[in-house]
Amino acid sequence: MRVGVYVDAYNVYYGGRGMCGRGTAGWRWLDVRGLAATLVAQRTDWPGATVERIIYCTARIDASTNASGHRDQDIYLKALSASGSVDHIEYGKYAYRVKQAPLAIKDQRGRPQLVAPQWPIVVQSGGVPCTNAVFMVSYANREEKGSDVNVASHLLLDILTGAVDAAIVISNDSDLSFPLREARNRVPVGLINPSRNHLAGDLRGAPSDGVGRHWWRQLTPADFTSHQLSDPVQKYARPQDW
């Protein structure tokens with residue numbers, strides 16, 4: 001059984017940061033192939049499965065706005081390729097826009113609650129209080145674009161062309177609901193939630209859906225820390241504090 005692995009890199013990064021800690025070293029230098037091989041080896045219902053190809057979907061950090069982040073990411077991406085930890089890196093992009101939105105705070109369940117006028121900041125019209133006024137803010141928004149589409153595209157292309165017999169997707173992005181559902185109709189699929197958050201509802205299913213033998217797993221801090229690239233990888237050394 002040839003297994004294709006499709007990685008949403010930013011989903012993995014923020015998931016690892018949430019579990020391991022932003023200021024904690026020892027988890028960022030992730031050996032993707034080592035992790036994938038462990039995940040496959042744990043499956044008794046996938047006998048004879050081997051990792052055939054690993055597709056890593058990401059976007060380059062802009063050096064003009066984050067020079068150190070760009071440098072560290074560049075080293076890591078080169079180390080991934082040099083070590084053979086991934087077979088192909090597919091790049092999306094960052095979109096920078098000015099957006100507008102109503103001012104809000106989180107309620108007790110973390111949902112947005114619009115800020116209403118109250119003392120000492122009040123709004124009046126003709127001397128009459130406007131209790132339902134909405135405060136609008138303009139803000140700079142930096143958004144990574146394309147990784148989810150690239151994951152979905154490579155996943156479905158490899159399945160439809162017969163390049164793989166099973167697939168592992170590492171992401172908790174609910175936008176992957178449709179391609180995952182279609183993939184499960186054709187090959188066994190393992191879905192890996194790389195974060196400490198609950199699995200997105202749209203990504204759930206049953207092991208028997210479609211062709212069957214599907215499974216779900218959530219990563220732990222140990223999955224990150226126990227699967228690290230060698231240091232250095234050829235001429236690429238792990239960035240400080242990584």
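Since the structure is predicted, the reported quantities are computational estimates derived from the model, not experimental observations.
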Around atom CZ of Phe135, are there more than 12 heavy atoms from other residues, nucleotides or ligands closer than 6.0 Å? yes
Side-chain heavy atoms under 4.5 angstrom apart, residues restricted to Ile, Leu, Val, Met, Phe, Trp, Tyr: same cluster for [X] and [Y]?
{"X": "Leu176", "Y": "Leu191", "value": "yes"}
{"X": "Trp242", "Y": "Tyr56", "value": "yes"}
{"X": "Ile105", "Y": "Val134", "value": "no"}
{"X": "Val12", "Y": "Val5", "value": "yes"}
{"X": "Leu229", "Y": "Phe224", "value": "yes"}

Could you tell me which non-hydrogen atom of [X] sits nearest to which non-hydrogen atom of [Y], and how far apart they are?
{"X": "Val233", "Y": "Trp29", "value": "CG2-CZ2, 4.2 Å"}
{"X": "Ala59", "Y": "Gly92", "value": "CB-C, 3.8 Å"}
{"X": "Gly69", "Y": "Asn66", "value": "N-OD1, 2.8 Å"}
{"X": "Asn185", "Y": "Gly210", "value": "OD1-CA, 3.7 Å"}

For residues 147-155, which side-chain N or O atoms pair as donor and acceptor with protein atoms under 3.5 Å away, sequence neighbours left out?
residue, atom, partner, partner atom, Å
Ser147, OG, Glu144, OE2, 2.5
Asn150, ND2, Gly146, O, 3.2
Ser153, OG, Val149, O, 2.8
His154, NE2, Glu90, OE1, 2.8

Are any of the side-chain heavy atoms of [X] and [Y] separated by less than 4.5 Å?
{"X": "Trp215", "Y": "Pro188", "result": "no"}
{"X": "Val164", "Y": "Tyr6", "result": "yes"}
{"X": "Asn11", "Y": "Ile170", "result": "no"}
{"X": "Arg238", "Y": "Asp72", "result": "no"}
{"X": "Arg204", "Y": "Leu199", "result": "yes"}
{"X": "Tyr91", "Y": "Cys57", "result": "no"}
{"X": "Leu180", "Y": "Val189", "result": "yes"}

Between [X] and [Y], is there a donor-acceptor pair closer than 3.5 Å when you use the side chain of the first and the backbone of the second?
{"X": "Ser177", "Y": "Asp202", "result": "yes"}
{"X": "Trp216", "Y": "Leu203", "result": "yes"}
{"X": "Asp165", "Y": "Arg2", "result": "yes"}
{"X": "His214", "Y": "Ser208", "result": "no"}
{"X": "Asp209", "Y": "Ala206", "result": "yes"}
{"X": "His70", "Y": "Ile61", "result": "yes"}

Extract all donor-acceptor atom pairs below 3.5 Å that involve side chains of residues 75-84 and protein atoms in other chains or at least two apart in sequence.
residue, atom, partner, partner atom, Å
Tyr76, OH, Leu30, O, 2.7
Lys78, NZ, Asp74, OD2, 3.0
Ser81, OG, Leu77, O, 3.4
Ser83, OG, Ala79, O, 2.9
Ser83, OG, Leu80, O, 3.2
Ser83, OG, Ser85, N, 3.2

Residue pairs passing the side-chain hydrogen bond (donor to acceptor under 3.5 Å, both in side chains) test with at least one member in residues 108-127, sequence neighbours excluded, are Asp107-Arg111
Kindly indicate, with the supporting measurements, whether the criterion side-chain contact (heavy atoms from CB on, under 4.5 Å) is fulfilled by Leu219 and Leu35. CA-CA 10 Å; Leu219 294 185; Leu35 174 62; 4.2 Å; yes
Which is it for Asp173 and Ser171 under the side chain to side chain donor-acceptor pair (under 3.5 Å) test, yes or no, and what are the steps along the way? CA-CA 6 Å; Asp173 189 337; Ser171 178; 5.0 Å; no
CE of Met19 to OG1 of Thr24: how many Å apart, nearest 0.5 Å? 12.5 Å
Just verifying a value: how many Å separate Gln218 CD and Asn197 CG, rounded to the nearest 0.5 Å? 8.0 Å
Non-neighbouring partners of Tyr10 that pass side chain to side chain donor-acceptor pair (under 3.5 Å), sequence neighbours left out: Gln73, Tyr94
Test of ring centre spacing under 6.0 Å for Trp27 and Tyr13: yes
Here the salt bridge (charged side-chain N to carboxylate O under 4.0 Å, His left out) pairs for residues 10-39, sequence neighbours left out, are Arg33-Asp87
Just list the side-chain donor-acceptor pairs under 3.5 Å for residues 38-55, sequence neighbours left out, or say none.
residue, atom, partner, partner atom, Å
Thr38, OG1, Gly34, O, 3.2
Thr38, OG1, His227, NE2, 2.8
Gln42, OE1, Arg217, NE, 3.2
Arg43, NE, Asp45, OD1, 3.1
Arg43, NH2, Asp45, OD1, 3.4
Arg43, NH2, Asp45, OD2, 3.1
Trp46, NE1, Arg213, O, 3.0
Arg53, NE, Asp158, OD2, 2.9

